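The structure under discussion appears below in the form of structure tokens.
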Amino acid sequence: MAPGQEPSMGQSVVTDSGARAYATMIAKARSLVPQLRERAARTEELRHLPPETEQDLHDAGLFRMLQPKRVGGAEFDYVALIDCAELLGQADASVAWNFANLASHHWMLAMFEQRAQDLVWGRDPDVLIASSFIFPAGRARKVEGGYRLHGSWPFSSGVGSCAWNMLASVVSSDDEADGIEYRIFLLPKADYKILDTWNVAGLRGTGSSDVEVSDAFVREHMTVAVGDLAGGAPPGSKVNPNPLYALPVFSLFPYVLSGVALGNAQACLDDYTEVARHRISTYNRAKLSDFQSTQIKIAEASAKIDAARLIMRSACIEAMEHARSKHTPDTAIKTRYRRDGAFSVNLCTDAVSMLFAASGARGLFTTGVLQRQFRDAHAINSHLAFNFDAAGTNYGRVALGLPSENLTL
């Protein structure tokens, strides 16, 4: 969040008490920034979040900010993911990435049948749930009472700290005429194996290892069809009527994580600006702040970051307005959400890349934060949700009257 900016969910229906609770949550997230930044090097070395970092996020209630109030969650609007991930991302993108991922799974669990919610939250409402939403990685078949599931899924962020996992799979059918069904399966830790595969250049601290499932039985009520998450009333709406749980999940999927890119870029800009205020050129002893090129770089980077923030928050606020009015967005709107989610993160990546290049050799030192911000920016941008070629192509198809190629929308 930019210096001096006041957080707001942007909704006229928010009560005074709700606004105060939201401001308190934002203040808690902001207060964690200094210590999380100090731990960033250790987080990268561990390749997962330090236990004290996860405890800090638990103590602040951040993991449960989208969880239903009926089980002790805060039940804030969806834009909270952007605002809090931005703040945490200013400290460490890996922390913000795992926070946003794991917080969003409480939101998604609220859309499952009540029996699934009660089983998970009844045991521990603070429990962490991992995920991998790569549908072709799994194969499931319908059996009496549920499904048999097997597969191997990459990129299950924070999985080592989680007691459950949401795994996406294609449901096989004996009759191809039945079409393809996409479904999400909720499994306890005993039903999957974690493979220590996370040795990467960026987002090193997220512990996004692979998971493997070998012929697990998953009961029907521990699954949800992607079609039930397209907007409207999912199975869980019977006990969780808040419009938050009527949002189209995969249309808004980029905004689960886009705030991480925003915070990382804002921190990069703030750091660059602070250095430029005081730094003297190595070669001619001129002040960097006097260089027109430095001034222009700051202006361009800040414009891109501010534009990205506006795009991200506007999409989330608009989606909540649709849900409150019981309006399910059409395919054109859904593909726009995906387009804008990718585009806004690309803006953040461009800003970081420009500032990294403008910093010269200073950015190469592993003892500084700039090289980590650069690596993390490009790691974030590599997520499929932020691939503008994919999102832009599908948006263009729909704009031209062709059918959407994204089967999750």
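Note: hydrogens, waters and symmetry copies are ignored here, and every other heavy atom, side chains too, is used. Because the structure is predicted, anything quoted here is derived from the model rather than measured.
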Between Tyr192 and Ile194, is any pair of side-chain heavy atoms under 4.5 Å apart? yes
Residues Asn240 and Arg70: side-chain donor-acceptor under 3.5 angstrom: yes
Using modelled atom types only, decide if a donor and an acceptor are shared between the side chain of Glu75 and the backbone of Lys69 within a distance under 3.5 Å. yes
Pairwise distance CZ(Phe76) to CD(Gln67) - rounded to 0.5 angstrom: 12.0 Å
Should the heavy atoms of other residues, nucleotides or ligands under 6.0 Å from CZ of Phe133 be counted, would the total exceed 12? yes
Donor-acceptor contact below 3.5 Å, side chain Arg64 vs main chain Val71: yes
So do the side chains of Asp56 and Gln35 get within less than 4.5 Å of each other, counting heavy atoms only? yes
Contact between Val33 and Leu36 at the side-chain level, heavy atoms closer than 4.5 Å - yes or no? no
Does a side-chain N-to-carboxylate-O contact under 4.0 Å join Asp210 and Lys193? no
Separation of Leu310 CG from Ser344 OG (nearest 0.5 Å): 10.5 Å
Report yes or no: do Asp83 and Tyr22 form a side-chain donor-acceptor pair below 3.5 Å? yes
Do we see a donor-acceptor contact under 3.5 Å between the side chains of Arg183 and Thr223? yes
Pairing donors with acceptors under 3.5 angstrom, does anything connect the side chains of Arg313 and Tyr255? no
Among side-chain atoms of Gln373 and Asp271, is any donor-acceptor pair under 3.5 angstrom? yes
Salt-bridge test for Glu52 and Arg42: reply yes if a basic N is under 4.0 Å from a carboxylate O, no otherwise. yes
For a quick check under 3.5 Å, do Ser94 and Arg204 share a side-chain donor-acceptor pair by atom type? no
Please walk me through it: do Met25 and Arg30 pass side-chain contact (heavy atoms from CB on, under 4.5 Å)? CA-CA 9 Å; Met25 183 74 75; Arg30 183 178 282 113; over 6 Å; no
Taking the basic N atoms (NZ, or NE/NH1/NH2) and the acidic carboxylate oxygens, is any pair closer than 4.0 Å for Arg39 and Asp92? no
Pair Met320, Ile317 - check side-chain contact (heavy atoms from CB on, under 4.5 Å), show working. CA-CA 5 Å; Met320 284 297 305; Ile317 291 168; 5.8 Å; no
Using distance alone, with no hydrogens and no angle criterion, decide if Asn406 and Ser404 have a side-chain donor and acceptor under 3.5 Å apart. no
Pair Arg324 + Glu321, salt bridge at N-O below 4.0 Å: no
Where Leu102 and Ile129 come nearest, the two heavy atoms and their spacing: CD2-O, 3.2 Å
Using a 4.5 Å cut-off on heavy atoms from C-beta on, say whether the side chain of Leu167 contacts that of Ile184. no
Please evaluate residues His378 and Ser353 with respect to the criterion side-chain hydrogen bond (donor to acceptor under 3.5 Å, both in side chains), reporting the C-alpha separation (whole Å), side-chain torsions for both, the decisive distance (0.1 Å), and the verdict. CA-CA 9 Å; His378 285 270; Ser353 295; 2.9 Å; yes
Specify the closest pair of heavy atoms between Ala233 and Ser237, including all atoms of both residues, with the distance to one decimal. CB-OG, 3.5 Å
Look at the side chain of Glu54 and the backbone N and O of Leu49, then say whether any donor-acceptor pair between them is shorter than 3.5 Å. no
For the pair Lys334 (side chain) and Leu252 (backbone), establish whether a donor and an acceptor sit closer than 3.5 Å, ignoring hydrogens and angles. no
Pi-cation contact, Tyr395 with Arg339 (under 6.0 Å, within 45°): yes
Is the shortest side-chain N to carboxylate O distance from Asp118 to Arg115 below 4.0 Å? no
Under a 4.5 Å cut-off applied to non-hydrogen side-chain atoms, are His58 and Leu128 in contact? yes
So do the side chains of Leu119 and Met222 get within less than 4.5 Å of each other, counting heavy atoms only? yes
Can you confirm whether or not the ring centre of Phe185 sits under 6.0 Å from the ring centre of Tyr147? yes
Give me the atom names and distance for the closest heavy-atom approach of Val127 to Ala163. CG2-CB, 3.6 Å
Spacing of Ser152 atom OG and Arg139 atom CZ [to the nearest 0.5 Å]: 13.0 Å
State whether the side chain of Asp228 and the backbone N or O of Val224 hold a donor-acceptor pair below 3.5 Å, judged by distance alone. no
Can you measure from CZ (Phe356) to CG (Leu370) and round to the nearest 0.5 angstrom? 5.5 Å
Shortest non-hydrogen contact from Lys297 to Ala358? CG-CB, 4.2 Å
Find the distance between NZ (Lys304) and CG (Leu262) and round it off to the nearest 0.5 Å. 14.5 Å
Given 3.5 Å as the limit, does a donor-acceptor pair link the side chain of Glu44 with the main chain of Gly205, or not? no
Take atom CZ in Arg219; do more than 12 heavy atoms of anything else shown fall under 6.0 Å from it? no
Could you walk me through whether Leu203 and Val200 pass the side-chain contact (heavy atoms from CB on, under 4.5 Å) test, one step at a time? CA-CA 8 Å; Leu203 294 175; Val200 293; 5.7 Å; no
When you measure from the side chain of Trp153 to the backbone of Ala168, do you find a donor-acceptor pair of N or O atoms at a distance under 3.5 Å? yes
Give a yes or no on whether the ring-centroid distance for Phe386 and Phe343 is below 6.0 angstrom. no
Roughly how far, to the nearest 0.5 Å, is CD1 of Ile134 from OG of Ser169? 12.0 Å
Measure across Pro154 and Ser132 and return the closest heavy-atom pair with its distance rounded to 0.1 Å. O-OG, 2.8 Å
Can you confirm whether the side chains of Trp121 and His106 place a donor and an acceptor under 3.5 Å from each other? yes
Candidate pair Arg47 and Asp196, rule salt bridge (Lys or Arg N to Asp or Glu O under 4.0 Å), full reasoning: CA-CA 10 Å; Arg47 295 185 295 122; Asp196 185 9; 3.0 Å; yes
Any sub-3.5 Å donor-acceptor pair from Asp77's side-chain atoms to Val79's backbone N or O? no
Exam field: side chain His105 to backbone Asn101, donor-acceptor pair closer than 3.5 Å: yes
Hey, mind stepping through His383 and Trp97 against side-chain contact (heavy atoms from CB on, under 4.5 Å) and telling me if it holds? CA-CA 12 Å; His383 194 290; Trp97 185 271; 3.7 Å; yes
Aromatic ring centroids of Tyr78 and Trp107 under 6.0 Å? yes
Student check: side-chain heavy atoms of Val159 and Asn165 closer than 4.5 Å: yes
Looking at every non-hydrogen atom in both residues, tell me the closest pair between Ala116 and Phe112 and how far apart they are. CB-CB, 3.9 Å
Short question: side chain of Asp215, backbone of His150 - any donor-acceptor pair under 3.5 Å? no
Minimum side-chain heavy-atom gap Leu257-Leu81 below 4.5 Å: no
Glu220/Lys142 ion pair, N-O < 4.0 Å: yes
Can you find a side-chain donor-acceptor pair between Gln266 and Arg309 that sits under 3.5 Å? yes
